[in-house]
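Everything numeric here is computed off the predicted structure, so don't read it as measured data. Note on naming: letters A, B, ... go to the chains in the order of the sequence lines (proteins, then strands), and numbering restarts at 1 for each one.
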There are 2 protein chains.
Amino acid sequence: MSAAEDLACCTSPPQPPRLESESAAELAARFKALGDPNRLMLLSLIAAGENGEACVCDLTEPLNLGQPTVSHHLKILMDAGFLTRQRRGTWSYYSLVPAALAGLCHQLCSDTDLLTESGAERTPRG
Amino acid sequence: MSAAEDLACCTSPPQPPRLESESAAELAARFKALGDPNRLMLLSLIAAGENGEACVCDLTEPLNLGQPTVSHHLKILMDAGFLTRQRRGTWSYYSLVPAALAGLCHQLCSDTDLLTESGAERTPRG
DNA sequence: ACGGCATATTGATGAATATCGATACACCTA
DNA sequence: TAGGTGTATCGATATTCATCAATATGCCGT
């Protein structure tokens, strides 16, 4: 028996991933929404706004982006569940969905168990 | 005074975002690394692997991706700080960086204060 | 040294995306 | 009703990205 056989990486039965494909797609979609600096700035600006909300006209200047672009990013954040919109007159006020970001972290911790370093302990060789 | 003046969205002094542009770029880069279903599956597969590690040959089949593509995704996850690589013979073993994912969530909670619903309380009208 | 295997890198390609200008829509005021 | 303003949508474009085939690199056993 060669030394390589001892070290071979493909001898153990493959463990099924803890993350289902569908869950992966949903999770990835939300992370993708957070994967843009301007969108993170939007969340930050909105959180820092008066009453925790802001309208589009408050957001274009600090980001140095055109109004259509800001609207586009806001829509992406809304579709991902991070923002809600409330129309008042001609203005659209955006505010954070309180549990959205926390829920994302929680799901990453508990559902997928990716944060626990259980990998080493969890699968004691049967 | 018109009703609109009361409701106008741009009358209050703009609050500076709690997130600096540089931090936003760094944060976004890490989120972007998580914004792909296959990369999330890679993290899950590696976490579920024996001793919390896995080599490339264990990962190509469950994802139905070519070996170069898997290597590419692994590199992205490494560059983002989520994975480390340990070479043993001809094989490369990847494992999770324990604090990386937790740190990302923590930074989202504390550094940017996006998770606290402080927006409403934080800026009491001066 | 040579051949074989696991992995990394390169080049190319099609798809997704960020951005803008132009335009459409909704609401308010005169 | 008409004009003005804030916002959303549409079309176009340049960039980024995911993926693959081909190739290069590095390690092992003969």
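Not a single donor-acceptor contact under 3.5 angstrom links the side-chain atoms of B:Gln67 to the base of C:dA6.
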CA sep, side-chain torsions, deciding dist, call: A:Phe31, B:Lys32, side chain to side chain contact (heavy atoms under 4.5 Å, CB included): CA-CA 7 Å; A:Phe31 281 125; B:Lys32 191 181 297 183; over 6 Å; no
Stepwise side chain to side chain contact (heavy atoms under 4.5 Å, CB included) check, B:Gln67 with B:Val56: CA-CA 7 Å; B:Gln67 173 265 320; B:Val56 182; 4.2 Å; yes
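Within the structure, every side-chain polar atom (N or O) of B:Arg88 is placed at least 4.0 Å from both OP1 and OP2 of C:dA6. In terms of phosphate contacts, A:Tyr94 brings no side-chain nitrogen or oxygen within less than 4.0 Å of OP1 or OP2 of D:dG6. Between D:dC17 and B:His73, no contact under 4.0 Å exists linking OP1 or OP2 to a side-chain N or O. Regarding contacts with the backbone of D:dA8, a side-chain N or O of A:Ser71 is found under 4.0 angstrom from either OP1 or OP2. Neither OP1 nor OP2 of D:dA18 sits under 4.0 Å from any side-chain N or O of B:Thr69.
A straight line from NE2 of B:His72 to C1' of C:dT10 spans 12 Å, rounded to a whole angstrom. A straight line from CG of B:Asn38 to P of D:dC20 spans 9 Å, rounded to a whole angstrom. Look at NZ on B:Lys32: it is 11 Å from P on C:dT17, rounded to the nearest Å. Taking atom CZ on B:Arg87 and atom P on D:dC27, their separation rounds to 8 Å, with Å as the unit. If you take CH2 of B:Trp91 and C1' of C:dG4, they are 12 Å apart, rounded to a whole angstrom. Going from atom CG of A:Asp36 over to atom P of C:dA18 covers 5 Å, rounded to whole Å. To the nearest angstrom, C1' of D:dA18 lies 16 Å from CG of B:Asp79. If you measure from atom CZ of B:Arg39 to atom C1' of D:dA18, you get 8 Å, rounded to the nearest angstrom.
Residue contacts shown for B:Leu63 are absent, as no nucleic acid heavy atom lies under 4.0 Å away. When heavy atoms are screened at a 4.0 angstrom cut-off, A:Ser92 is found touching the sugar-phosphate backbone but no base atom.
Contact check on B:Glu53 versus B:Arg85 returns no salt bridge, with no Lys/Arg side-chain nitrogen under 4.0 Å from an Asp/Glu carboxylate oxygen.
Checking C:dT7, D:dC28, D:dT19 against the side-chain heavy atoms of B:Cys57 singles out C:dT7 as nearest. For A:Thr90, the listed nucleotide lying nearest its side chain is D:dT5; candidates were D:dT5, C:dC5, C:dT19. Proximity note for B:Ile76 (side chain, C-beta onward) versus C:dT7, D:dA8, D:dA18: the nearest is D:dA18. Closest to the B:Lys75 side chain, of the nucleotides D:dA8, D:dT19, C:dT9, is C:dT9.
Screening A:Val97, A:Thr84, A:Leu83 against A:Met78 for a side chain to side chain contact (heavy atoms under 4.5 Å, CB included) leaves a single residue, A:Leu83.
Residues B:Tyr94 and B:Leu63 share a hydrophobic cluster, clusters being chains of Ile/Leu/Val/Met/Phe/Trp/Tyr side chains in contact below 4.5 Å.
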